[in-house]
Amino acid sequence: MHTGKHYPVLVVGGGIVGLTASLALSHHGVPSLLVEAHPGTHDHPRARSLNARAMEIYRELGVADAVREAGAPLARAEGLHRGSDLATALADVPRRPDPGDRPESIFAPAAMARWSPTTGRRATLDAVEPVLLAAARRRPAEIRFGTLRTGLRHGDDHLTVDLTDVATGVTETVTADYLIAADGAGGALRHELGVSSTYGTSHGHQLNILFRADLEQFVRGREFSVVLIARAGVRGMLTAIDARTRWAFHLRYDPAVESPADYPPERCEQILRDVLGVPGAEPEVVSVLSWEARERTLDRLRAGRVFFAGDAAHQMPPAGARGASTGIADVHNLVWKLGAVLGGRADETLLDTYQDERHPAAVHAVAASGANARAMTPGSSSPDPDWTTPAAHGLGDRYRSAAVLSDTGDPTDPVADDLDGGPGTRLPHAWTDPARSRSTLDLPAGDWILLGPPAWRLPADTAGLRHADPGPEFAALAGTATGGAVLVRPDGHIAWRSTEPTSTDPTTTGPTTTGRTTTGPEDPAAALDAALRRLPFRARHSTHRRTPGPTDPAIHP
């Protein structure tokens, strides 16, 4: 049945990445339709953590508090342990005081204070996805679960897509300008469109055994995230789901000699008794999923009007909170560009920068997760992952594309060692109010903004840009010296940085200055105009009514 409905963007996949895409599209004022074949969100926990960059994005989209609350049961579940069973692994672990999270946690504010106003969060996707779905349904996007994409045809200026209602079998045909494929690792679109992948290491086949067991008293005060189990005939990873009664054991098996069918619930429950080693614990298997921890990256993230994101674009072992988080960063990068093209502020060449920017980021995330997985293999002597860099928390992506104006001497490595204001890196974090409730990261709020001292205000106004002056602390962090500025994209990455020599003008004063005032480059307006002319789009203040988040700052011209 052809209804003639047209959508600027169609999202295929209602997992965490697809739902984030829907939220981001609404945030940027882009109408969209999301379709998901399943009747509801997933009920089997998969990823259990979101990194700091993912939480920054949710802060912008206005759902960070709800996501953080969804992860509350795992707030104290920290630490990597090893042993032949849970009881042995925790035998020498002292119980912690009841209140508060562990201060040494990689998710504690102290671990991130230098780089971000927020931290990562342990939260299982079965808890997070309903939160995102509820938020997406409150916004102007159409969402249909129980709907399968059954056909796709490319036209000269649109896509024609067949959508089938799973319950009734009725097929509807719609059109769309663009499609975001967030249909997961098993999605069919990449195969249909002939997009090749580069495969890395396989870290083995595993059974994800979700089970119930009342261990609350046993683990109280020594709640853990992961216990690597190595015992005769059994190797795997025990993970906390709510750190009370819900757990998962990832059991390694060899598909050359056995299959998931060789592990009925009765056998799984006996294995779990041995893995726990806790007297009186009676595990009850809830569900079992088979999966392979593999490294894979699509060679192209764009096929015509189709863009791949999340597990459809890259797979990686769940070691380091990068899997779901990398997909969240994918759609955050893509959606503002789609909005610019659909809004007539850029041509199609801007969309090519999605490949240029996110493919290197995906390659790095996959490799880093693989390295972490090797360190976390039961019985491995490899050192534990290093959490002391921005990249470990998803903050280190340095973009190189036509949407970034970099100088000859700027680093070309796609991974930044620090957030120093360099073009292509994520905006440095500094607090902008005495209460330390608003960060420089809140200033873009999904739109373009120029950050620099008052001398840049008039040039910004002339160019149709918002302007803010975060002050000298930010200038030092951003490397703009006295009088420089940075042009920040809607995704919080720096498109251009002015570090030209400064001058002084005894006749120019600001509302809070007296006497001589630093004015920046000899001609800030000319410098900004020259930069804007080199970018493949009009970096102007958007006119759509963006959905505000709770942390949106007041921007004073």
Side-chain angles (χ1 to χ4, degrees), residues 9-25 27 32 34 36 38 41-42 45-58 60-61 63-64 67 120-121 123-129 131-133 135-136 178-187 189-190 195 197 291 293-298 300-302 306-338 354-355 357-370 391 393-397 399 426 491-492:
V9 179
L10 174 65
V11 180
V12 176
I16 190 169
V17 174
L19 290 168
T20 302
S22 178
L23 283 168
L25 288 162
H27 187 64
S32 66
L34 179 149
E36 164 59 49
H38 289 88
T41 56
H42 298 92
R46 292 158 293 144
R48 298 183 311 120
S49 299
L50 298 169
N51 65 24
R53 184 55 183 151
M55 292 305 295
E56 288 178 354
I57 292 168
Y58 286 147
E60 177 190 321
L61 297 179
V63 294
V67 169
R121 182 66 161 177
T124 57
L125 297 197
D126 63 317
V128 172
E129 287 177 353
V131 167
L132 300 182
L133 176 58
Y178 301 101
L179 185 149
I180 298 175
D183 51 348
L189 266 169
R190 60 189 173 94
V195 181
S197 295
W291 64 288
R294 68 193 315 178
E295 300 176 27
R296 176 188 63 82
T297 308
L298 281 191
R300 292 184 293 124
L301 302 187
R302 180 184 185 184
V306 176
F307 299 85
F308 296 92
D311 286 355
H314 38 69
Q315 287 175 263
M316 61 196 80
R322 287 183 173 89
S325 299
T326 303
I328 292 165
D330 288 342
V331 294
H332 188 248
N333 176 283
L334 173 62
V335 163
W336 74 265
K337 297 173 182 178
L338 290 172
Y354 178 63
Q355 166 76 18
E357 296 179 353
R358 289 308 301 168
H359 187 266
V363 169
H364 167 72
V366 170
S369 294
H393 300 271
L395 306 175
D397 293 329
Y399 295 151
R426 205 270 276 130
D491 60 358

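As the structure is a computational prediction, the values presented were derived from the model and not from experiment. In this chain, residues are counted from 1 in sequence order.
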- Query: Rounded to the nearest 0.5 Å, how far apart are CG of L301 and CZ of F307?
  - Reply: 10.0 Å
- Note on the structure: Nearest heavy-atom contact between A365 and M316 is O-SD, 3.8 Å
- Item | Of L334, V335, I180, the residue whose pairing with V9 passes side chain to side chain contact (heavy atoms under 4.5 Å, CB included) | I180
- Message: According to salt bridge (charged side-chain N to carboxylate O under 4.0 Å, His left out), who are the partners of R53, at least two apart in sequence or on a separate chain?
- Response: E56
- Message: Testing the basics here: between G15 and E36, what is the closest heavy-atom pair and its distance to 0.1 Å?
- Response: N-OE1, 4.1 Å
- Query: What's the verdict on side-chain hydrogen bond (donor to acceptor under 3.5 Å, both in side chains) for E295 and H314, showing C-alpha distance, side-chain angles and the deciding distance?
  - Reply: CA-CA 8 Å; E295 300 176 27; H314 38 69; over 6 Å; no
- Item | Gap separating the CG atom of D183 from the CG atom of L189, nearest 0.5 angstrom | 5.0 Å
- Item | Any residue meeting side chain to side chain contact (heavy atoms under 4.5 Å, CB included) with V17, in chain and number order, not counting sequence neighbours | A182, A309, V331
- Task: Not counting sequence neighbours, which residues clear side chain to side chain contact (heavy atoms under 4.5 Å, CB included) with N333? List them please.
- Result: K337, Y354, E357, R358, Y399, R489, D491
- Do you know the tightest heavy-atom contact between A54 and S325? CB-OG, 3.8 Å
- Message: According to side chain to side chain contact (heavy atoms under 4.5 Å, CB included), who are the partners of R296, at least two apart in sequence or on a separate chain?
- Response: R190, S197, Y199, L298, Q315
- Item | Candidate pair D397 and H364, rule side-chain hydrogen bond (donor to acceptor under 3.5 Å, both in side chains), full reasoning | CA-CA 9 Å; D397 293 329; H364 167 72; 5.8 Å; no
- Applying ring-ring contact (aromatic ring centres under 6.0 Å, His included), name anything that partners Y58, two or more places apart in sequence or on another chain. none
- Distance, nearest 0.5 Å, that separates CG of L395 from CG of N51: 7.0 Å
- Query: Can you list the residues that meet the side chain to side chain contact (heavy atoms under 4.5 Å, CB included) rule with H42, with sequence neighbours excluded?
  - Reply: H38, R46, E129
- Value for CG (L125) from CD1 (I16), rounded to nearest 0.5 Å, stands at 5.0 Å
- Item | Inter-residue atom distance R48.CZ - T124.OG1, 0.5 Å rounding | 9.0 Å
- Message: Tell me whether R121 contacts the main-chain N or O of A123 through its side chain, where contact means a donor paired with an acceptor under 3.5 Å.
- Response: no
- Task: Grab the two heavy atoms, one from G120 and one from M55, that are nearest each other, plus how far apart they are.
- Result: CA-CG, 4.0 Å
- With side chains defined as the heavy atoms from C-beta onward, is the minimum distance between T41 and D126 less than 4.5 Å? no
- Query: If you round to the nearest 0.5 Å, how far is CG of D311 from CG of D330?
  - Reply: 10.0 Å
- Message: Looking at every non-hydrogen atom in both residues, tell me the closest pair between S32 and L25 and how far apart they are.
- Response: CB-CD1, 3.6 Å
